[in-house]
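Values below: every heavy atom of this structure, side chains too, minus hydrogens, waters and symmetry copies. Numbering of residues begins at 1 and proceeds along the displayed sequence.
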Amino acid sequence: MADEPGQPPALTTLSLAEQAPSSHAAEQRITPFDVSGGVDETGKLLPVDYNKLIQQFGATPISPTLLERFEKVTGKKPHRFLRRGIVFSHRDLEKILDRHEKGQPFYLYTGRGPSSGSLHVGHAIPFEFTKWLQDVFDVPLIIMLTDDEKYMHTPKLEISDSKRFTIENAKDIIGIGFDPAKTFIFSDFDYVSGAFYENICRMAKRITINSVRATFGFNDSNNVGEFHFCATQSATSFATSFPHIFGSDPLKTRSIPCLIPCAIDQDPYFRQCREHAEKMKYKKPSLIHSIFLPALQGPGSKMSASIDISAIFLTDTPNQIKNKINKYAFSGGQDTAEKQRELGGRTKDDVAFQYLTFFLEDDNELEQIRHAYEKGEMLTGELKGICIKYLQEYVAGFQERRKKVTEEMRREFMAVRGLTWGGNPNPVPTELVEKKGAQKEKEKCGKPTGELKN
């Protein structure tokens with residue numbers, strides 16, 4: 001797993017721009033290890049084309065109809081990430097909603113590849129959303145820290161480094177606010193054994209070298225651990241890997257699926273998993289995909305833990321946040337204040353505005369800012385000031401929670417133990433759900449028009 005569900009080990013967009021001749025375009029490239037929106041014929045970095053990704057990966061867009069169903073089934077207004085298209089596509093989310101409606105069990109699974117001692121706000125985004133999903137569904141959550149993969153993928157990293165990063169990252173994740181009663185965090189180096197390792201072997205036996213090459217773009221220079229890791233990441237998708245949580249009878253637990261919130265670049269791992277799950281007599285995992293929080297350098301890039309000026313870190317001071325936004329945040333505004341007032345700014349290109357779409361809860365306030373900036377009623381400095389305010393508030397809130405996370409708390413979250421959760425307190429009988437589903441299918445087919453008259 002990359003830096004988090006969907007975070008690659010380096011800000012590849014910048015290096016791609018350097019490699020590409022100015023007269024040649026480069027296609028966007030999205031894998032768990034390499035994310036770039038591409039380069040046009042003039043050498044300009046391009047934003048990631050998410051519609052193209054949906055088609056390329058064979059995912060399904062999250063439609064207004066699905067959001068209506070989400071709200072109806074859960075009784076909760078969709079998260080701002082769902083409302084604004086930040087979480088934008090899925091695989092079989094409707095099956096998870098069906099299970100929740102019926103009161104049938106499922107769990108959440110997400111993770112992080114610990115590559116540094118501190119998370120940045122881009123890492124925090126999917127964990128914030130996952131916490132919201134856990135609160136809404138009241139289900140168990142399993143968080144996988146892939147310290148083994150990060151060690152195998154990063155040449156200069158030692159196992160001791162990976163383990164140290166794992167401890168610090170686990171504390172950061174706990175600082176998001178997860179409930180220890182229904183959350184299990186584990187390190188691959190510590191947990192992989194028993195039923196979990198059996199599932200790794202079952203999956204590894206079915207994945208071919210050619211399929212890994214095709215999915216991830218690996219070649220003969222990649223080590224054998226990288227080729228094999230797809231099986232390890234897949235094993236967390238199966239409830240039988242966690243007998244201490246779901247029970248030791250595989251005949252009962254193999255039918256429990258999971259929902260995986262992740263950035264879109266992690267999808268290739270789980271396409272491999274979904275291809276083989278039913279052959280192993282397990283349920284396919286469902287996925288819900290998010291877009292990337294762009295790096296300070298702008299669209300087509302994303303934050304990287306290894307490039308300080310690309311990211312706002314959760315350890316940054318208010319002054320560091322202010323300086324980074326003012327100095328490095330790509331602006332969609334005009335060259336001068338006069339032109340800005342005349343022509344307005346481009347919110348789609350403006351990093352400060354893009355960050356507000358992630359961190360500002362109030363839809364009306366966000367729309368007022370968008371309108372003012374695009375009409376020239378707001379200058380770039382004013383927009384950056386608003387962005388700085390909300391980022392400072394978010395990071396300060398996290399730092400307060402993080403201070404309270406002790407080593408004892410981390411050990412509790414990472415202890416092999418049972419979890420407790422409630423699920424849907426008011427499930428709908430299965431037969432009623434199936435009846436409504438059949439009625440919808442009938443409506444899709446259309447009503448008969450009646451007999452023609454002579």
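Side chain to side chain, Q272 and Q233 fail the donor-acceptor criterion of an N or O pair below 3.5 Å. If you check the side chains of Y394 and E128, you find a donor sitting under 3.5 Å from an acceptor.
A search for salt bridge (charged side-chain N to carboxylate O under 4.0 Å, His left out) contacts involving K182 returns D138, not counting sequence neighbours. Applying the ring pair (Phe, Tyr, Trp, His ring centres under 6.0 Å) rule to F186 yields the partners F184, Y191, F196, F242; only residues at least two apart in sequence or on another chain are considered. Under the side-chain hydrogen bond (donor to acceptor under 3.5 Å, both in side chains) criterion, T347 pairs with E374, sequence neighbours left out. With sequence neighbours excluded, no residue forms a side-chain hydrogen bond (donor to acceptor under 3.5 Å, both in side chains) with Q392. Every residue meeting the ring pair (Phe, Tyr, Trp, His ring centres under 6.0 Å) condition with Y282, not counting sequence neighbours, appears here in chain and number order: F238. Take E408 and apply the side-chain hydrogen bond (donor to acceptor under 3.5 Å, both in side chains) test, not counting sequence neighbours, and it matches no residue. For T232, there are no side-chain hydrogen bond (donor to acceptor under 3.5 Å, both in side chains) partners, not counting sequence neighbours. Qualifying salt bridge (charged side-chain N to carboxylate O under 4.0 Å, His left out) partners for K76, counting only residues two or more places apart in sequence or in other chains: none.
For residues 391-400, every residue pair satisfying the salt bridge (Lys or Arg N to Asp or Glu O under 4.0 Å) rule, not counting sequence neighbours, is listed here: K389-E393, E400-K403. Among pairs with a residue in residues 200-212, those fulfilling salt bridge (Lys or Arg N to Asp or Glu O under 4.0 Å) read E198-R202, at least two apart in sequence or across chains. Applying the salt bridge (Lys or Arg N to Asp or Glu O under 4.0 Å) definition to pairs two or more places apart or across chains, those involving residues 409-418 are E407-R410, E407-R411.
Interatomic distance, S118 OG to K171 NZ, rounded to the nearest 0.5 Å: 13.0 Å. Once rounded to the nearest 0.5 Å, the distance linking CZ of F218 with OG of S221 reads 9.5 Å. Between L141 atom CG and I173 atom CD1 the span is 9.5 Å, to the nearest 0.5 Å. Atom OG1 in T236 sits 6.5 Å away from atom CG in D188 (nearest 0.5 Å). Here D267 contributes atom CG and C273 contributes atom SG; the two are 11.0 Å apart, rounded to the nearest 0.5 Å. Note that OG of S162 is 12.0 Å distant from NE2 of H153, once rounded to the nearest 0.5 Å.
Under a 3.5 Å cut-off, the side chain of T253 and the backbone N or O of D249 do form a donor-acceptor pair. A donor-acceptor contact shorter than 3.5 Å is absent between the side chain of Q297 and the backbone of Y328. No donor-acceptor pair under 3.5 Å is formed between the side chain of R69 and the backbone N or O of E94.
Between E361 and R83 a salt bridge is recorded (basic side-chain N to carboxylate O distance below 4.0 Å). Contact check on R346 versus D349 returns a salt bridge, with a Lys/Arg side-chain nitrogen under 4.0 Å from an Asp/Glu carboxylate oxygen. In summary, K163 and D147 do not engage in a salt bridge, as defined by a charged side-chain N under 4.0 Å from a carboxylate O. The pair R370-E367 counts as a salt bridge, with a side-chain nitrogen and a carboxylate oxygen less than 4.0 angstrom apart. A salt bridge links R402 with D172: the distance from a Lys NZ or Arg NE/NH1/NH2 to an Asp or Glu carboxylate oxygen falls below 4.0 Å.
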Requested in this report: Starting from the C-alpha separation in whole Å, work towards a yes-or-no answer on side chain to side chain contact (heavy atoms under 4.5 Å, CB included) for S241 and N199.
Outcome: CA-CA 7 Å; S241 294; N199 278 333; 2.8 Å; yes
Query raised in the report: Could you go step by step and tell me if Y390 and F359 meet the ring pair (Phe, Tyr, Trp, His ring centres under 6.0 Å) rule?
Result: CA-CA 7 Å; Y390 281 103; F359 292 99; 9.3 Å; no
Report task. Before giving the answer on side chain to side chain contact (heavy atoms under 4.5 Å, CB included), spell out for N222 and N219 the whole-Å C-alpha distance, their side-chain angles and the decisive distance to 0.1 Å. Result -> CA-CA 6 Å; N222 290 93; N219 54 44; 3.5 Å; yes
Requested in this report: Using the side chain to side chain contact (heavy atoms under 4.5 Å, CB included) rule, take D161 and Y151 through it: C-alpha gap first, then chi angles, then the decisive distance, then the call.
Outcome: CA-CA 8 Å; D161 297 324; Y151 165 71; over 6 Å; no
Query raised in the report: Please walk me through it: do F81 and F88 pass ring pair (Phe, Tyr, Trp, His ring centres under 6.0 Å)?
Result: CA-CA 8 Å; F81 293 172; F88 70 105; over 10 Å; no
Query raised in the report: Should T166 and D190 be marked as a side chain to side chain contact (heavy atoms under 4.5 Å, CB included) after you check the CA-CA gap, both sets of side-chain angles, and the distance that decides it?
Result: CA-CA 11 Å; T166 292; D190 292 338; over 6 Å; no
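Using a 4.5 Å heavy-atom cutoff, the side chains of I312 and K324 are in contact. No side-chain heavy atom of V87 sits less than 4.5 Å from a side-chain heavy atom of H79. At least one side-chain heavy atom of H90 sits under 4.5 Å from a side-chain heavy atom of L66. Taking the side chain as every heavy atom from C-beta outward, F165 and R112 never approach each other to under 4.5 Å.
The side chain to side chain donor-acceptor pair (under 3.5 Å) test with Q134 singles out one residue from D179, T183, T110, and that residue is T183. Considering R274, K284, K283 in turn, R274 is the only one that fulfils the salt bridge (charged side-chain N to carboxylate O under 4.0 Å, His left out) rule with D92.
Between W132 and F70, the two ring planes are parallel [angle under 30°; tilted spans 30° to 60°]. Ring orientation note: the planes of F106 and H100 are nearly perpendicular, at an angle over 60° on the 30°/60° scale.
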Sequence neighbours left out, cut at 3.5 Å: what donor-acceptor pairs do the side chains of residues 254-262 make with other protein atoms?
{"from": "R254", "atom 1": "NE", "to": "K281", "atom 2": "O", "distance (Å)": "3.3"}
{"from": "S255", "atom 1": "OG", "to": "K252", "atom 2": "O", "distance (Å)": "3.3"}

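Within the cation-pi definition used here (under 6.0 Å to the ring centroid, within 45° of the axis), R91 does not qualify as a partner of F270.
Other residues, nucleotides and ligands place no more than 12 heavy atoms under 6.0 Å from the NZ atom of K95.
Proximity of the aromatic rings of F227 and F216 is defined here by a centroid distance below 6.0 angstrom, and this criterion is not met.
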